[in-house]
J.: 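First the structure, then my questions, so here it is.
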Number of protein chains: 2
Amino acid sequence: MRETTLRDVAELAGVSPRTVSNVVNGYAKVTDSTRAKVEAAIAELGYRPNVLARNLATGRSGQIVVVVPYLDTPYFAELLQAIIPAARKVGYNVLIDQTDGDRQHEGELIGRGSRRFLFDGMIISPLGLSQNDLSQRDPDLPLVVLGERVSDGTFDHVGIDDVAASTEAVSHLIAIGRRRIAAIGDQPYPTGEAAQLRTRGFRAAHEAAGLPVDESLIIGTARFNRIDGATAMAALLDRADPPDAVFCYSDLVASGAIHTALGRGLRVPEDIAVIGYDDIEDGRYSQPTISTISPDKKAIAQLAVDRLLLRIAGHAPIPGVELRAPHELIPRQSTLGY
Amino acid sequence: MRETTLRDVAELAGVSPRTVSNVVNGYAKVTDSTRAKVEAAIAELGYRPNVLARNLATGRSGQIVVVVPYLDTPYFAELLQAIIPAARKVGYNVLIDQTDGDRQHEGELIGRGSRRFLFDGMIISPLGLSQNDLSQRDPDLPLVVLGERVSDGTFDHVGIDDVAASTEAVSHLIAIGRRRIAAIGDQPYPTGEAAQLRTRGFRAAHEAAGLPVDESLIIGTARFNRIDGATAMAALLDRADPPDAVFCYSDLVASGAIHTALGRGLRVPEDIAVIGYDDIEDGRYSQPTISTISPDKKAIAQLAVDRLLLRIAGHAPIPGVELRAPHELIPRQSTLGY
DNA sequence: ATGAAAGCGCTAACAT
DNA sequence: ATGTTAGCGCTTTCAT
């Protein structure tokens, strides 16, 4: 049996399709009496508007896509959990894409591909793309970039102040008396800008405290996963002069690092203090609980969605802006011990 | 500037729209020479097919929706991570919806709402819906249900054999010499069928070993989160006769339970052994690592997608089936100690 | 406030 | 193998 269409409703109600459309969308004014007739017909026929047809007619899909490198990384999962309701509240469905941090995949998404028609705008947290790649995107695609990149002025960017946050984290380690502090997660290459900002904060905190930076204590990792943290920590502990504290560039890294330290019989934080970044739920339940930098994920989500809507609506080109969400230092057992 | 359409391409190539469509979709046979002409025109104009128009014309959206209660629950995140590539491989985009386990929200999704047009089929992991609710769904919606429910015969169901898996988990605890075993996560009410299957396995293992079940050691929880595990464990440890092992209905529950035990100075597994369920990544890095039941998530994803495609394609009604994915017992430190 | 009618860009049945 | 053409179901301009 065929789906009932707007035309069927119009016929039954004895009005034109135009009027039914008006009623359904609440557009123009409709007399109470005709509205009642139409609504009765809708109910009787069990009519539901065909979104596909509407999309074609309006040229909009009512969907936005959120692109993250990994869905099963808690930070991104939690961020999505915040973005979805924010988008839905303003009438948008959320499509989700994971890229595995693959540059080519990310590039295809922001390029002028056929999938473009599926979404009205995109929020992307790029990993493999360089600044340059980002500038090569489909110029008509409303775009908001998440994470630690500086915009080239043609798109918007939402993030926390990573340098400030990292400085706070390391200053906290200094404040509890640590002097040989390591950093795990640096990525000294073009696509590692996010990591580099944290390294900058690491240096800034040392400088502010008048402490020298031991460059050999800055450990690079390919990703921000537990395994990276575990491996890096092992390398640090193998040294003749291991650090007494570690600033990890994500909570997952911290989790892996702690795993290694405990496995070697060390006490955290007594022997080695650890602080992470992201404030994922795990960190509140692990043993010990993980001190961290907590980005305001709801604020990030809201800022990103609001800004994207603005871009979708705006016809004239809008200059790109940097939007900063708040963050907070949350000391827990892995630095305080209690 | 207007997007170039299929018609523009046809004109430039000097062929009919029909032929361009054939080339784009690889449908019928096209002469090599005309194909070349068309492809040249496509390249020259930078043509990309309008998916919205195609959707309307075909009546299919090329999207499936996956509905989970919580996106930031690692188990679901990992499952999605498996489903998305499986669906993409067969040409489907994946929409994601989180329901917060809300019965009404879940009900709207499987009902005959307007969003129906946005997806060709649905994979849902219900939490709040009763068997009865599921039967009230839009009969035209191709549906695959994940998790521990028995189908009413009108839809498909993919899961592991929970009773068997739970039996294995508890038998493992018995095998390592534990005799007072608790269970955390029971939900003795209509929507708690998933939990009840695990409780059934808990009993079966006792019976197989000739051990009595201490009913007071079966602790109910509203959800399967860390906080639930932490709270339940506290209650167990407050008893005059605490258990020497705990079967937790999820790894998150186990994580919370271990957190409480360690916090009270107990050793895991020496003083109390803990086994979880789901095999989420956390469990492989926590301290101690968590013994668990590992459902084959890739198999679940593949089975679900394959079956959904079958339903989408099939015009005649197909009887609902029960599909079982493999699972595996993975002993780790929280029961073995090493 | 409502009606008539022309698209939106593609697919696919029908024709050659 | 390719062309012609009638929709898919809705929105929306132009009338009235």
Side-chain angles (χ1 to χ4, degrees), chain A residues 1-39 41-42 45-63 91 112-118 120 140, chain B residues 1-39 41-42 45-63 91 112-118 120 140:
Chain A
M1 202 195 66
R2 209 177 103 269
E3 277 274 335
T4 58
T5 71
L6 183 144
R7 215 164 222 93
D8 300 331
V9 175
E11 207 162 310
L12 177 59
V15 301
S16 84
R18 165 69 208 254
T19 304
V20 178
S21 178
N22 281 344
V23 170
V24 170
N25 298 300
Y27 267 9
K29 327 117 204 292
V30 181
T31 330
D32 283 352
S33 70
T34 46
R35 152 164 290 117
K37 271 192 299 187
V38 170
E39 277 169 351
I42 288 178
L45 297 175
Y47 168 72
R48 50 184 175 180
N50 184 323
V51 187
L52 265 29
R54 173 182 298 166
N55 287 350
L56 177 60
T58 58
R60 308 185 328 104
S61 69
Q63 300 189 134
R112 44 188 314 290
S114 176
R115 289 195 62 211
R116 170 66 182 83
F117 294 99
L118 283 179
D120 299 333
D140 291 333
Chain B
M1 201 194 67
R2 209 176 103 269
E3 277 274 334
T4 56
T5 72
L6 182 145
R7 218 164 219 94
D8 299 332
V9 176
E11 207 162 312
L12 177 59
V15 300
S16 83
R18 167 70 208 255
T19 304
V20 178
S21 178
N22 281 343
V23 170
V24 171
N25 298 300
Y27 268 8
K29 331 122 203 286
V30 182
T31 331
D32 282 353
S33 70
T34 48
R35 153 164 291 119
K37 270 193 299 185
V38 171
E39 277 170 351
I42 288 179
L45 297 174
Y47 168 72
R48 49 183 176 182
N50 185 324
V51 188
L52 265 30
R54 174 182 297 166
N55 288 348
L56 177 59
T58 58
R60 308 184 329 102
S61 69
Q63 300 189 134
R112 46 187 313 291
S114 177
R115 288 195 62 210
R116 170 68 182 82
F117 294 98
L118 283 180
D120 299 333
D140 291 332

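Numbered from 1 within each chain, the chains take letters A, B, ... in sequence-line order. Side chains included, hydrogens not; waters and symmetry mates left out as well; all remaining heavy atoms used.
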J.: Would you say B:Thr58 reaches D:dC8's phosphate, i.e. side-chain N/O to OP1/OP2 under 4.0 Å?
T.: no
J.: Does D:dA1 have OP1 or OP2 sitting under 4.0 Å from an N or O in the side chain of B:Thr19?
T.: no
J.: Kindly point out which of D:dG9, C:dT2, D:dG7 is positioned nearest to the side chain of A:Val30?
T.: C:dT2
J.: Check A:Arg48 against B:Gly113 and note the closest heavy-atom contact, atom names and distance.
T.: NH1-O, 3.1 Å
J.: Write down the distance between CG (A:Leu45) and P (D:dG9), rounded to a whole number of angstrom.
T.: 14 Å
J.: Working to the nearest 0.5 angstrom, can you tell me the gap between A:Asp120 CG and A:Asn55 CG?
T.: 8.0 Å
J.: Assign B:Val15 to base, sugar-phosphate, or nothing according to its heavy-atom contacts below 4.0 angstrom with the strands shown.
T.: sugar-phosphate
J.: Whole-Å distance between D:dG9 P and B:Arg116 CZ?
T.: 14 Å
J.: So, taking the atom named CG in B:Leu6 and the one named CZ in B:Arg54, what distance separates them when rounded to the nearest 0.5 Å?
T.: 9.5 Å
J.: If you assign each of A:Tyr47 and B:Ser33 to its closest nucleotide in DNA chain D, which residue comes earlier from the 5' end?
T.: B:Ser33
J.: On a heavy-atom basis, which atom in A:Ala41 and which in A:Ala13 lie closest, and how many Å separate them?
T.: CB-CB, 3.9 Å
J.: Given atom CG of B:Leu6 and atom P of D:dT4, what is their separation to the nearest angstrom?
T.: 14 Å
J.: Below 4.0 angstrom from OP1 or OP2 of D:dT11, is there any side-chain N or O of A:Ser21?
T.: yes
J.: Measure CG/A:Asn22 against C1'/D:dT11 and give the value in whole Å, please.
T.: 10 Å
J.: With a 4.0 Å cutoff (strictly under), does any side-chain N or O of A:Thr5 reach OP1 or OP2 of D:dG9?
T.: no
J.: Would you kindly give the CZ-to-P distance between A:Phe117 and C:dC10, to the nearest whole Å?
T.: 7 Å
J.: With respect to B:Val24, which candidate in B:Val9, B:Thr19, B:Ile42, B:Val38 satisfies the side-chain contact (heavy atoms from CB on, under 4.5 Å) definition?
T.: B:Ile42
J.: Could you tell me the separation between the CZ atom of B:Arg54 and the C1' atom of D:dC10, rounded to a whole number of Å?
T.: 20 Å
J.: Under 3.5 Å, is there any donor-acceptor pair linking the side chain of A:Arg18 to the base of D:dT13?
T.: yes
J.: Rounded to the nearest Å, what distance is computed from the NZ atom of residue A:Lys37 to the P atom of nucleotide C:dT2?
T.: 8 Å
J.: What's the closest nucleotide to the A:Ala53 side chain, out of D:dG9, C:dG3, C:dC10?
T.: D:dG9
J.: Answer yes or no: side-chain N or O of A:Arg7 and base N or O of D:dG9 forming a donor-acceptor pair under 3.5 Å.
T.: no
J.: What does A:Pro49 touch in the nucleic acid at a heavy-atom separation under 4.0 angstrom: a base, only the sugar-phosphate, or nothing?
T.: sugar-phosphate
J.: Counting just side-chain N and O atoms, does A:Asn25 come under 4.0 Å of either OP1 or OP2 of D:dT11?
T.: yes
J.: Let me know the distance between CZ of B:Arg60 and P of C:dT11, rounded to the nearest Å.
T.: 11 Å
